Amino acid sequence: MSVPYNHKAIEQKWRKNWEANPVNVNDGKKPKYYCLDMFPYPSGNGLHVGHWRGYVISDVWSRYKMLNGYYIVHPMGWDAFGLPAENYAIKMGTHPSKSTADNIANIKRQINDIAAVYDWDMEVNTTDPDFYKWTQWIFVKMFKEGLAYEKEFPINWCPSCKTGLANEEVVNGKCERCGTEVTKKNLRQWMLKITAYADRLLEDLDKLDWPDKVKKMQSDWIGKSHGAEVEFPVEGRDEKITVYTTRPDTLYGATFMVLAPEHAMAKSLATDETREAVEQYILDASMRSNVDRLQGKEKTGVFTGTYAINPLNGAKTPIWLSDYVLADYGTGAIMCVPAHDDRDFEFATKFNIPIIQVIAKDGKEIENMTEAYTEAAGTMINSGEWNGMESAVLKKEAPEMIEKRGLGHKTTNYKLRDWVFSRQRYWGEPIPIIHCPHCGNVPVPEEQLPLRLPDVESYEPTGTGESPLAGIDEWVNTTCPICGAPAKRETNTMPQWAGSSWYFLRYVDNKNNEELVSKEKADKYLPVDMYIGGVEHAVLHLLYSRFYTKFLHDIGVVDFDEPFTKLFNQGMITGKNGIKMSKSKGNVVSPDDLVRDYGCDSLRMYELFVGPPELDAEWDDRGIDGVYRFLNRFWKMAADSCEANVAETKDMVKLRHKMVYDITQRLETFSLNTVISGFMEYNNKFIDMAKKTGGMDKETVETFIVLLAPFAPHITEELWAMYGHETSVFEAKWPEHDEEAMKDDEVEIAVQINGKTRGVVALSADISKEDAIAKGKEIIADKLTGNIVKEIYVPGRIINIVMK
RNA sequence: GCCGGCAUGUCGGAAUUGGCAGACGAGACGGACUCAAAAUCCGUUGCUCGCAAGGGCGUGUGGGUUCAAGUCCCACUGCCGGCACCA
């Protein structure tokens, strides 16, 4: 009788063993495979079973690649700057550097419970001066290339976090971090010109093996549109207003024009009669928050008293101001075609502006229009020389026609805005810029980096729009690196995304003091082959990282221009009823107790068994018993078979090859939950077979052990040793299947009448159609009572007799 | 409002991409072992009619294509996610 499975003893033993003899060895000959996790920020709450899932997925994948002969680059680090870490420190009344270090220690202990093959020699921490030296270096390079610039304008401001935010950090008008309603605040900001990369960020999506969903979110976020800028002369003045439109085909239907209240000409368009109302409207608009401004409220507006001339037909179109037009998109001014745009229709109806239909719907003009006809499908009407054309064709051709006539030009626009890059907070990388009264903005010389974050007592946000750093005179006051005159340091810090935009490059050369990453190591180990993490960063971290990588490519730091070749988004683990795990909800499941009671191997497998890895899953503790029972049964089967030492039979060999084929295929398609159910199913078959034979043969059990190793590394190492191996199971090779060996002599085939199964017949694989049908009919002879119309035989699949 | 995704037993989910729906697991029920319980092992478990043999129904709803539909097409309903006055 074999010894029962003792997870505690086995896991302790192998943990020690691996520490002494690492299994992932870089011998310089093996090809590399870079499998990366999105690094965590060291939260005070530690890890819950949801975090585990992502790390288990990446570790299983890494170990699978290892067994396929790769050296795995599989690092881990800490995204420790930024709001979450700082807010936690404020709450706990500690200094962020202290609480961050404590949290890292705790999470590192928890991560080690996963028994992943992380290479801790590669560890990075974004708050380490040796790391953020390079975060600052990248900023200086961007500044020198004209991609980092200063600008004062009304930015998104979170009153609770007391800092400015990037567009990407505003979700439904609320702060991505704390959910507070975002307001506008006029602030001097550092900006990164991500828009300069808009086209490449859009086009290169094609190169990526990423989930379609994420690619689509990025392409929607970049929001490229094609259209034309058209110039409308202002009546009675020597001025023109340029509008942007994607529907130049509807130009004859433009019955009014609207400018954003922030438009440069807004005030000057007012006449003596309208001046008061116009100025009041502009003032009111500046006071309204984002949320107010969009939340589906009724449109407001004011007539300036001035008219523009439609350049095509000379029609007088009244110029209005309204806050439904955005100042920072296109030209901040639009031509309005109420017949063919919902918003313009609503506005025109409210203010009694004429509506002219220029595209026929179903071949005719609509009587009593109640809503806009927004399709670009139909024949042009009321459109002068364009009458009779198809609107879909005209839509494409109009920009060039307008350009030829000198009325404007063809152009494209993007929804993507430049990245608001400064934060009025303490816990971030200081922006390495010195403001000199004579030389302007001067970057800190590269050899003086890192510019260290000063250690201070009081680091709480001021809320005034000034960073807490501004209060430290001895830090702020410095001299200009160029002219030596007294100068002041920039006091804003970088956003939390700064370090995470490039950290994956640093792991492979984390101790290099001379370069961000050496050319040699970058060529050898980068880019990332597989990136695993949640979908919540689709337009944040993942877009920023692509931008950074393209920039670093352009200045010659790396040769590739996309950081992550393949991306996998794991689903979230939630509590009961799909409620997100959180301390306040009290539904957080900690992995610590489960590891103690069931072992690491069981929890690893259960994390995958809960459901398809890409979907969210509700956690249910009870289910872990299932995988625990499986491991016990597997242990017993393997240990008993080891003792029994029986010779292989044809059935065993067949089962072995089928198993290799099945498991490998499911792994390759990332169907990790069905890999686990496959293990269970094959284990049941092994146990049934062993009942008759006294055990399974050595090679077949060993094959099972290797297949299971990436999932349950401890138990498989122990059994591998039990089977007499002196080296790690991870030095084994991933088994291959033999097509011939797994073929069945006979296949069970369903016999149907009119698509309904009436019997099952065992047929040899190479039987002829006639014989197959004849045999099938024998089985169901008593039911063949009508006229046979058709007989269908799909080899290996089905026999269907069609009867009348 | 627009754009995606999903819908299968009591529950989590599977289905070789058009070929025996419900694998695997959880739960439940019955049995063996035990003084007893736990653990373990064996069995049953979509609904329904039937004593049984056997039959009917069944993948959100309604229609269609096909010898054959969870899978493809059309319409609809519900849930989830993204974007949200981007002209």
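A, B, ... follow the sequence lines: proteins, then strands. Residue 1 opens every chain. Small disclaimer: the values here were computed from a predicted structure and weren't measured.
Within the 4.0 angstrom heavy-atom criterion, only backbone atoms of the sugar-phosphate kind lie near Asn673(A); the bases stay farther away. Looking at heavy-atom distances under 4.0 Å, Glu618(A) makes no contact with the nucleic acid at all. Asn800(A) comes within 4.0 angstrom of a nucleotide base, judged by non-hydrogen atoms across all strands. The residue Lys415(A) sits close to a base: some heavy atom pair falls under 4.0 Å.
In this structure, G9(B) shows a glycosidic angle within 90 degrees of zero, which is the syn conformation. Classification of U16(B) as anti follows from a glycosidic angle more than 90° from 0.
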Practice task
Report the C-alpha distance between Trp210(A) and Phe568(A) in whole Å, list the side-chain angles of each, state the deciding distance to 0.1 Å, and finish with yes or no for ring pair (Phe, Tyr, Trp, His ring centres under 6.0 Å).
Solution key: CA-CA 7 Å; Trp210(A) 284 21; Phe568(A) 183 82; over 10 Å; no
Practice task
Would you check, one step at a time, whether the test side-chain contact (heavy atoms from CB on, under 4.5 Å) holds for Val337(A) with Thr255(A)?
Solution key: CA-CA 6 Å; Val337(A) 186; Thr255(A) 55; over 6 Å; no
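The residues Asp341(A) and Arg247(A) are annotated as not salt-bridged, no charged nitrogen and carboxylate oxygen being separated by less than 4.0 angstrom. Using a 4.0 Å cut-off between charged side-chain N and carboxylate O, Lys410(A) and Glu403(A) make no salt bridge.
Of the candidates C83(B), G25(B), A87(B), C83(B) carries the atom nearest the Trp221(A) side chain, counting heavy atoms from C-beta on. Each of A26(B), A87(B), G25(B) was ranked by its minimum atom distance to the side chain of Asn684(A); first place goes to G25(B). Candidate nucleotides C42(B), A87(B), A14(B) were compared by shortest atom distance to the side chain of Thr674(A), and A14(B) ranks first. Nearest to the side-chain atoms of Val794(A) among the listed nucleotides A87(B), G19(B), A14(B) stands G19(B).
Contacts between residues 749-758 of chain A and RNA chain B, defined by a heavy-atom separation below 4.0 Å, involve Ala750(A), Gln752(A), Lys756(A), Thr757(A), Arg758(A), listed by number.
For the residue pair Thr300(A) / Tyr281(A), a side-chain donor-acceptor distance below 3.5 Å is found, with atom types taken as modelled.
Between Phe679(A) and Phe711(A), the ring-plane angle classifies as perpendicular under the 30° and 60° cut-offs.
If you check C76(B) for Watson-Crick or wobble pairing at under 3.5 angstrom, you find it paired to G60(B).
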